[in-house]
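In the text below, chain A, chain B and the rest are named by the order of the sequence lines, each starting its count at 1.
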Protein chains: 2
Amino acid sequence: MKERTSVSNACLARLPRYLRLLKDRRESDIKTISSTDIARELKLKPIQVRKDLALVNEGSGKPGVGFEINDLIYNIENYLGVRTKKNVIIIGAGRLGQALMNYNGFENDIQIVMAFDKDKRKCNDKNIIYIDRLEEFVKKKRIKVAVLTIPGDDAQSICDRLVRLGVKAIWNFAPTNLKVPEGVVVKNEDLSASLTMLLNKLKYEEDK
Amino acid sequence: MKERTSVSNACLARLPRYLRLLKDRRESDIKTISSTDIARELKLKPIQVRKDLALVNEGSGKPGVGFEINDLIYNIENYLGVRTKKNVIIIGAGRLGQALMNYNGFENDIQIVMAFDKDKRKCNDKNIIYIDRLEEFVKKKRIKVAVLTIPGDDAQSICDRLVRLGVKAIWNFAPTNLKVPEGVVVKNEDLSASLTMLLNKLKYEEDK
DNA sequence: TAGATTGTTAATCGATTAACAATC
DNA sequence: TAGATTGTTAATCGATTAACAATC
């Protein structure tokens, strides 16, 4: 596989979008697709699509024709690493946590295996259990990935606990700047900031 | 206020983070803050913080001291436009939609005024109403902003309906490339892609 | 005054875009 | 062959970083 370093964050964000489009086309029994085609669909430039694909695609496209859809899917999935199962836990079984537990749009390498909550009334001893059992569970199942859907105040302390237990990747929905040691990756999903950005864009549109 | 055009998307994403930190400090009755300080806290470079602040800040910092926290908050809020109330509707009152309805982390300019669902059993005639009443409601309340928390298949047709009714900003949680006319802004919140990106980063960390 | 920090101007870096020969 | 599209090499663009004089 190609070197990971070569792929920018921006490109990394586009890959899942390509993947989705490609799978869509495969559904319709289409065999090939051109960068022009992809670009039109996703509002990108053909040259950018080609650049991106060149970074992750083992094979190559045919001039005048395009790319083999199946090859592309295989290579992108391979690159993204979505071909190996990952067990994920959720901390905080509030509405957001439950939404993610039941979300069926994730790539099929994602397996949400358990949710934890500090409110015993939310626990059902099946897929939502009491937060005190976190240590035991994470160790036994060797969990590496956790989702934080808890209030900001609790986020850092839970994060510390998770890191101590060997969790290496945290998807954080709490509006907090988590501090983690080297080697642990965090992705902040700042819903408030996201909506604010949208509204700011709108304001700009209106002012035009 | 400064020209909107000058601020990059990347900077725009940082502004809410500054805002949060600043408000935090204000809580503790701290009056000033330096770019060094902000940078350390948010893992940025001081020079970048200064550059960002220069873009939105009317006043200016004092060499050797830093910035007035109150001024900064005022100016950033002003710039982001979070000082004017916005009425927002949610389409799709599933778990995710309900999570957002009850989310209390939004800037206080955001008012979620109604949710709609096509499943009558989810409707309560209070804050969740039947989707058929969309037209009437959006027109009467002059809604400009909508959140889409519905399955991908329904997203485009609902989007079209919203656009026809004059909605100008769409926060889309459905994994779909929405097609909208010029002048309508869309922000895609692709949860699956987001998690995939995190896991890819993790893979890269492991390979190091 | 000495130390800290600002804002300006210039340099660097990385990503996007353009141009085009090669090829199906 | 003509038309479409690829991948390479170079140019452009924009954002981040560095250097530093000015100033509290």
Could you state the atom-to-atom distance from [atom1] of [X] to [atom2] of [N] in whole Å?
X     : N      : atom1 : atom2 : answer
A/K45 : D/dT12 : NZ    : P     : 16 Å
B/I38 : C/dG7  : CD1   : C1'   : 15 Å
A/N57 : D/dT8  : CG    : P     : 12 Å
A/I33 : D/dA4  : CD1   : P     : 18 Å
A/E58 : D/dG7  : CD    : P     : 13 Å
B/L53 : D/dA15 : CG    : C1'   : 16 Å
A/L72 : D/dT5  : CG    : C1'   : 14 Å
B/D52 : D/dA15 : CG    : P     : 11 Å

| said: For C/dT6 and B/S35 - does any side-chain N or O of the residue sit under 4.0 Å from the phosphate oxygens OP1/OP2? | reply: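 Checking B/S35 against C/dT6: at least one side-chain N or O falls below 4.0 Å of OP1 or OP2.
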
| query | Are OP1 or OP2 of C/dT6 and a side-chain N or O of B/R50 less than 4.0 angstrom apart? | reply |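 So the side-chain polar atoms of B/R50 do come within 4.0 Å of the phosphate oxygens OP1 or OP2 of C/dT6, strictly under.
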
| Are B/D52 and B/Q48 close enough that a side-chain donor and a side-chain acceptor fall under 3.5 Å? |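 No, because no side-chain N or O of B/D52 sits under 3.5 Å from a partner of the opposite role on B/Q48.
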
| A/K62 vs A/I47, nearer the 5' end of DNA chain C by closest nucleotide |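 Between the two, 5'-proximity favours A/I47.
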
| query | Hey, which of these two, A/G64 or B/F67, hits DNA chain C nearer its 5' end, going by closest nucleotide? | reply | B/F67

| query | With a non-hydrogen cut-off below 4.0 angstrom, is A/R40 in contact with a base, only sugar-phosphate, or nothing? | reply | nothing

Would a distance-only check, ignoring hydrogens and angles, find a side-chain to backbone donor-acceptor pair under 3.5 Å from [X] to [Y]?
X      : Y      : value
B/D71  : B/G61  : no
A/E107 : B/S192 : no
A/E135 : A/L165 : no

| query | With both distances under 3.5 angstrom, what nucleotide forms a Watson-Crick or G-U wobble pair with D/dA22? | reply | C/dT5

| query | Across all strands, who's sitting opposite C/dT16 as a Watson-Crick or G-U wobble pair, both distances under 3.5 Å? | reply |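 Its partner is D/dA11.
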
| said: Tell me if the side-chain of A/K51 makes a donor-acceptor pair with the base of C/dT17, cut-off 3.5 Å, by modelled atom types. | reply: yes

| query | So, for A/Y103 and B/F173, which heavy atoms are closest and what is the spacing to 0.1 Å? | reply | OH-O, 4.0 Å

[X] side-chain proximity, nearest of [options]:
X     : options               : result
B/T36 : C/dT6, C/dT17, D/dA19 : C/dT6
B/Q48 : C/dC24, D/dT6, D/dT17 : D/dT17
A/P63 : D/dT6, D/dC24, D/dG7  : D/dT6
A/R14 : D/dT6, D/dT17, C/dT16 : C/dT16

